[in-house]
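What follows is a set of notes on a single structure, which appears directly below.
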Amino acid sequence: QVRLVESGGGLVQAGGSLRLSCAASGRTFSTYAMGWFRQAPGKEREFVAAISWSGRITYDADSVKGRFTISRDNAKNTVYLQMNSLEPEDTAVYYCAADSYQVKPSRDPDYWGQGTQVTVSS
């Protein structure tokens, strides 16, 4: 079992930055691929970014490419999402995800966090 707890969400003006964190329980964190998804009001949940268990491979959605960066610290059992140049369209609940194989847009991960709200004002 893996428990995921997100933090770092909040209200920010357009053009600003936020860093989300996701702390994972369990001793096997370093063996899991991790990722972030988001869900805006009235929309389906969408993939944002993913990172391999080693941290050497990352994959970003086109909508956030060049603005968001995913990273992980296996010593701290934590994955991060650095969000820069935020836009009102980035407003959503952001969810952390873990999978024993791979996190990608077309695959439901094994574990979800409870979500953290990000609101970008114009």
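In what follows, every heavy atom counts, from backbone to side chain, and hydrogens, waters and symmetry copies are set aside.
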Derivation of the side-chain contact (heavy atoms from CB on, under 4.5 Å) call for Phe29 and Val2: CA-CA 8 Å; Phe29 172 79; Val2 175; 5.8 Å; no

NZ/Lys65: more than 12 non-hydrogen atoms of other groups inside 6.0 Å: yes

By side chain to side chain contact (heavy atoms under 4.5 Å, CB included) - contacts of Gln39 (at least two apart): Arg45, Tyr95

Where at least one partner belongs to residues 48-63, residue pairs that pass salt bridge (Lys or Arg N to Asp or Glu O under 4.0 Å), sequence neighbours excluded: none

Over all atoms of both residues, closest heavy-atom pair of Ala40 and Ala92: N-CB, 3.8 Å

Validation row: Phe68, Leu81 side chains within 4.5 angstrom (heavy atoms): yes

Full working for side-chain contact (heavy atoms from CB on, under 4.5 Å) between Thr116 and Val93: CA-CA 5 Å; Thr116 186; Val93 177; 6.0 Å; no

Stepwise side-chain contact (heavy atoms from CB on, under 4.5 Å) check, Leu20 with Trp36: CA-CA 10 Å; Leu20 304 183; Trp36 292 92; 3.7 Å; yes

Gln13/Leu86 under side-chain contact (heavy atoms from CB on, under 4.5 Å): CA gap, chis, key distance, verdict: CA-CA 8 Å; Gln13 289 188 331; Leu86 282 160; over 6 Å; no

ring-ring contact (aromatic ring centres under 6.0 Å, His included) against Phe47, all qualifying residues, sequence neighbours excluded: Phe37, Tyr59

Point-to-point distance, once rounded to the nearest 0.5 Å, from CE of Met34 to OG1 of Thr78: 9.0 Å

With sequence neighbours excluded, residues passing side chain to side chain contact (heavy atoms under 4.5 Å, CB included) with Arg67: Val64, Ser85, Glu87, Asp90

Nonpolar side-chain network containing Trp53, other nodes, edges under 4.5 Å: none

Interatomic distance, Cys22 atom SG to Ile70 atom CD1 [nearest 0.5 angstrom]: 9.0 Å

Spacing of Cys96 atom SG and Tyr111 atom OH [to the nearest 0.5 Å]: 13.0 Å

For Glu46, all residues meeting salt bridge (charged side-chain N to carboxylate O under 4.0 Å, His left out), sequence neighbours excluded: Arg38

Minimum side-chain heavy-atom gap Thr91-Val118 below 4.5 Å: no

Residues that Ser17 engages under side-chain hydrogen bond (donor to acceptor under 3.5 Å, both in side chains), provided they are two or more places apart: Asn84

Pairs touching residues 3-12 that satisfy salt bridge (Lys or Arg N to Asp or Glu O under 4.0 Å), sequence neighbours left out: none

Spatial distance of atom CD1 (Ile51) from atom CZ (Arg72) [nearest 0.5 Å]: 6.0 Å

Spacing of Glu89 atom CD and Ser122 atom OG [to the nearest 0.5 Å]: 9.0 Å

Partner set under side-chain hydrogen bond (donor to acceptor under 3.5 Å, both in side chains) for Ser54, not counting sequence neighbours: Ser52

Pairing residues for Gln117 by the side-chain hydrogen bond (donor to acceptor under 3.5 Å, both in side chains) criterion, not counting sequence neighbours: Thr119

For Asp99, side chain to side chain contact (heavy atoms under 4.5 Å, CB included) partners two or more places apart: Tyr101, Val103, Arg107, Pro109, Asp110

Contacts of Thr31 that satisfy side chain to side chain contact (heavy atoms under 4.5 Å, CB included) - sequence neighbours left out: Thr28

Crowding at CD1, Ile57 (>12 non-hydrogen neighbours, <6.0 Å): no

Considering all heavy atoms, the nearest Leu4-Ala24 contact: CD2-CB, 3.7 Å

